[in-house]
Amino acid sequence: MNRTAAVITVSDKGARGERRDTSGPAVRAMLEEAGFRVVHTAMVPDEREKIQQALIRCADELGTALAVTTGGTGFSPRDVTPEATRAVVEREAPGLPEAMRADSMRRTPRGCLSRGTAGIRERTLILNLPGSERAARENLAAVLPAVGHGVDMLRSDGSAGCAAPPPEGEVPPSLDGWLREAKAAPDAHEVGIYLAHNGVVRSTARAQARQGVPCAQVAGMRFSYDPRELEEAVRLTRELPGVCHVRAWLNRGELKVGDDLMLVLVGGDTRPHTVDALQFLVERLKTRCVAEEELYRQA
């Protein structure tokens, strides 16, 4: 399934080089962790025409399955991202911004002030997120599973029912690509070691591997995860002593033996700090984030 995405940051100061963009990269990381391939990023000022042009390019020229904006959704006179979005979409998707505002209201009484919208242009889903990094993360986490299903419906040949069987696993990101990006980051000079973890579906049942209980061989696994718990696990790991860089990706769907379950990369100042952070993150993902069901071979 085509899960390409674009991330557009809308900011006057950002476009003038007066403010460092943190929300755009944060949104990109979340999308990549959810299995999207981000093929385009852009920074545009709070000008309706330029926002429209950027969205039209994503849908009509680049053909991305998803285009996410961050910024320009508030009450300021310059906040025109929702108006620009409505001007280019052909069908609105009101459930997504409704869900994001409902989630925000549980965190702050000002959550209802976001004016972000969502809609469809041809086969591209367009979604507005707030401009602050924290709000953008929280809003995206609230709807990311639904967004993935919506994109799959848009890109399917027929109608994808909500009760459709679990999809096959997604294509994992490139660890080499992650390392290249990490080493190009502004804080890369603080990193003394990178450690990675790659979990895969094994043929030996969990009970047999851990407790020695005889079991039938595993044929596959149904695997899913909570995006909010994933985001929280990454956030907590970043706060550990000496940790400079954290990325995590989880698979979902009906997987086969040998398929990737998770990919984790941690960079830290020293080996002990990095080892501790890697162990903390993997353990939290396994115990608080994922749901898994082993599928056994028939005797």
Side-chain angles (χ1 to χ4, degrees), residues 3 5 7-11 21-36 66-76 79-83 85-86 89 91-120 125-153 162-163 223-240 246-250 252 262 280-281 283-292:
R3 283 198 172 187
V7 179
I8 301 168
T9 301
V10 181
S11 168
D21 178 27
T22 60
S23 58
V27 168
R28 174 175 184 163
M30 288 183 66
L31 291 174
E32 290 177 338
E33 287 164 1
F36 283 88
L66 175 67
V68 179
T69 68
T70 173
T73 62
F75 276 32
S76 168
D79 290 336
V80 295
T81 303
E83 286 71 26
T85 301
R86 291 191 186 96
V89 300
R91 295 181 288 159
E92 291 195 37
L96 293 173
E98 289 170 3
M100 291 191 298
R101 281 187 281 270
D103 183 78
S104 295
M105 285 295 291
R106 289 193 287 269
R107 305 172 189 272
T108 170
R110 298 179 182 177
C112 58
L113 298 180
S114 175
R115 300 189 309 109
T117 190
I120 299 164
L125 176 61
I126 299 174
L127 177 69
N128 299 158
L129 298 177
S132 80
E133 178 183 345
R134 178 177 177 179
R137 285 178 176 272
E138 292 174 349
N139 276 240
L140 182 56
V143 298
L144 194 48
V147 165
H149 183 65
V151 164
D152 291 344
M153 292 174 70
C162 292
F223 196 79
S224 62
Y225 67 93
D226 184 334
R228 285 187 242 188
E229 287 290 348
L230 171 60
E231 180 188 2
E232 180 69 1
V234 170
R235 184 188 69 79
L236 291 172
T237 307
R238 285 198 180 106
E239 294 178 354
L240 294 175
V246 182
R247 294 195 74 167
W249 169 87
L250 295 172
R252 67 175 75 197
M262 67 172 65
F280 170 84
L281 177 54
E283 184 64 21
R284 188 173 179 99
L285 292 177
K286 289 181 177 180
T287 59
R288 298 284 295 274
C289 186
V290 306
E292 54 187 14

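The residues of the chain are indexed from 1 along the displayed sequence.
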So do the side chains of T70 and L140 get within less than 4.5 Å of each other, counting heavy atoms only? no
Distance col, row T22:OG1 vs R134:CZ, nearest 0.5 angstrom, shows 13.0 Å
A side-chain contact here means heavy atoms from C-beta on lying under 4.5 Å apart; do L31 and L144 qualify? yes
Out of curiosity, L96 CG to I126 CD1, how far, rounded to the nearest 0.5 Å? 12.5 Å
Looking only at atom types and distance, does a side-chain atom of R252 sit under 3.5 Å from a main-chain N or O of F223, one as donor and one as acceptor? no
Over all heavy atoms of both residues, which pair between A93 and P97 is shortest? Give the atoms and the distance, please. O-CD, 3.2 Å
Going from CG on L281 to CG on L240, what distance comes out if it is rounded to the nearest 0.5 angstrom? 9.0 Å
Option among T85, T117, N139 that satisfies the side-chain hydrogen bond (donor to acceptor under 3.5 Å, both in side chains) test with N128: T85
Any chance the side chains of D21 and T9 put a donor and an acceptor closer than 3.5 Å? yes
Quick test of your reading of the model: are R3 and D152 salt-bridged, counting only N-O distances below 4.0 Å? yes
Please give me the minimum heavy-atom distance between C289 and L250, naming the atom from each residue. SG-CD1, 3.6 Å
Donor-acceptor under 3.5 Å (S23 side chain, G131 main chain): yes
Note, I120 side chain near V89 side chain (heavy atom, < 4.5 Å): no
To check you understand the geometry: which heavy-atom pair defines the closest contact between R86 and R115, and what is its length? NH2-O, 4.2 Å
Walk me through whether E231 and R235 qualify under salt bridge (Lys or Arg N to Asp or Glu O under 4.0 Å). CA-CA 6 Å; E231 180 188 2; R235 184 188 69 79; over 6 Å; no
Shortest non-hydrogen contact from A5 to F36? CB-CD2, 4.1 Å
Test log, rule salt bridge (Lys or Arg N to Asp or Glu O under 4.0 Å), inputs E292 and K286: CA-CA 9 Å; E292 54 187 14; K286 289 181 177 180; over 6 Å; no
Is there side-chain contact between V147 and V68, with at least one heavy-atom pair below 4.5 Å? no
If you take all heavy atoms of L129 and A136, which pair is closest and at what distance? CD1-O, 3.9 Å
Does some side-chain heavy atom of Y225 sit less than 4.5 Å from a side-chain heavy atom of L285? no
Are T237 and R284 packed together at the side-chain level, in the sense that at least one heavy-atom pair is separated by less than 4.5 angstrom? no
Decide yes or no on salt bridge (Lys or Arg N to Asp or Glu O under 4.0 Å) for R228 and E232, but give the supporting numbers first. CA-CA 6 Å; R228 285 187 242 188; E232 180 69 1; over 6 Å; no
Under the side-chain contact (heavy atoms from CB on, under 4.5 Å) test, residues paired with L113 that sit two or more places apart: F75, R110
Option from R101, R106, R107 for which salt bridge (Lys or Arg N to Asp or Glu O under 4.0 Å) with E138 holds: R107
